[in-house]
Amino acid sequence: MQVSAILAEKGHDVATAMPDAPMMAIIEDLADKNIGAIVITNAQNGVAGIISERDVVRALAQNGASVVDQPVSTFMTQSVVTCAEHESSHDLMAKMTSGRFRHLPVVSDTHLVGIISIGDIVKARIEEVQREAEALRDYIASS
Ligand code: AMP
């Protein structure tokens, strides 16, 4: 399944924040929206970084509670791997496995247009397998 098809089903909404957002706002957003990562964007809606719940835990463990008043830019991952709408769920699985992360921002012309999580990939793969099984059943029943 292509990224564009996954986005057509789940929508293009992405939780974002600017690099100067305080960590407390990030933590509240992760909790309120029940999500695992927030994409940090620049003024042109390009990807400037990503912060996931793992980064928050690491920052708190290493620096203590004062982290909440510091800007997210201090703790985000700056070198973000992204994907394009024409890529397949297989391409994304390979990127997530080799990079050991669970989120891939979708970029078109340097602009952020969506995000795919490992949960979205698993859902897409299950639907694909179900469709294949149905097609096989229909084929067997008709032959
Ligand atoms: P996650 O598995 O998404 O919770 O992220 C695990 C670690 O990888 C955290 O340090 C994230 O900041 C980082 N990370 C998450 N997604 C990406 C990505 N697409 N590119 C680079 N690093 C990422």
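The analysis underlying the following values was restricted to heavy atoms, covering all of them including side chains, and did not include hydrogens, waters or symmetry mates. Note that ligands are numbered from 1 as they come in the structure, with each ligand's atoms numbered from 1 the same way. This chain uses plain numbering: 1 for the first residue, then up along the sequence.
- Of all protein heavy atoms, the one lying nearest to atom 5 (O) of ligand 1 is Ser52 OG, 3.4 Å.
- Using a 4.0 angstrom heavy-atom cutoff, Ser117 does not count as in contact with ligand 1.
- Numbered from 1 in the order shown, with element, the atoms of ligand 1 that lie under 4.0 Å from a heavy atom of Pro105 read 19 (N).
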Would Met18 and Thr41 count as a side-chain contact (heavy atoms from CB on, under 4.5 Å) here? Give the steps. CA-CA 5 Å; Met18 298 299 276; Thr41 49; 4.0 Å; yes
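- Among the candidates Thr16, Ile51, Ile38, the single residue satisfying the side chain to side chain contact (heavy atoms under 4.5 Å, CB included) test with Asp29 is Ile38.
- Nearest non-hydrogen protein atom to atom 10 (O) of ligand 1 is Asp55 OD1, 2.5 Å.
- When all heavy atoms are compared, the tightest approach of Val14 to Ile115 is CG2-N, 3.9 Å.
- Among protein heavy atoms, the minimum distance from atom 3 (O) of ligand 1 is reached at His103 ND1, 2.6 Å.
- Protein heavy atom in closest approach to atom 2 (O) of ligand 1: Arg102 NE, 2.8 Å.
- No donor-acceptor distance shorter than 3.5 angstrom exists from the side chain of Asp109 to the backbone of His111, with no hydrogens or angles considered.
- The ligand atoms of ligand 1 that sit less than 4.0 angstrom from a heavy atom of Ser79 are 21 (C).
- Residues Lys123 and Asp120 are not paired through a salt bridge, judged by the lack of any N-O separation under 4.0 Å between the basic side chain and the carboxylate.
- Summarising the contacts of atom 13 (C) of ligand 1 with Ile38, Thr77, Ile115, the nearest heavy atom is found in Thr77.
- Taken from CD1 in Ile50 to CZ in Phe101, the straight-line distance is 8.0 Å, to the nearest 0.5 Å.
- Among protein heavy atoms, the minimum distance from atom 8 (O) of ligand 1 is reached at Phe101 CB, 3.6 Å.
- Near Val81, meaning under 4.0 Å from one of its heavy atoms, ligand 1 places the atoms 18 (C), 19 (N), 20 (N), 21 (C).
- Classification of Arg125 and Glu128 as a salt-bridged pair holds, one side-chain N sitting under 4.0 Å from a carboxylate O.
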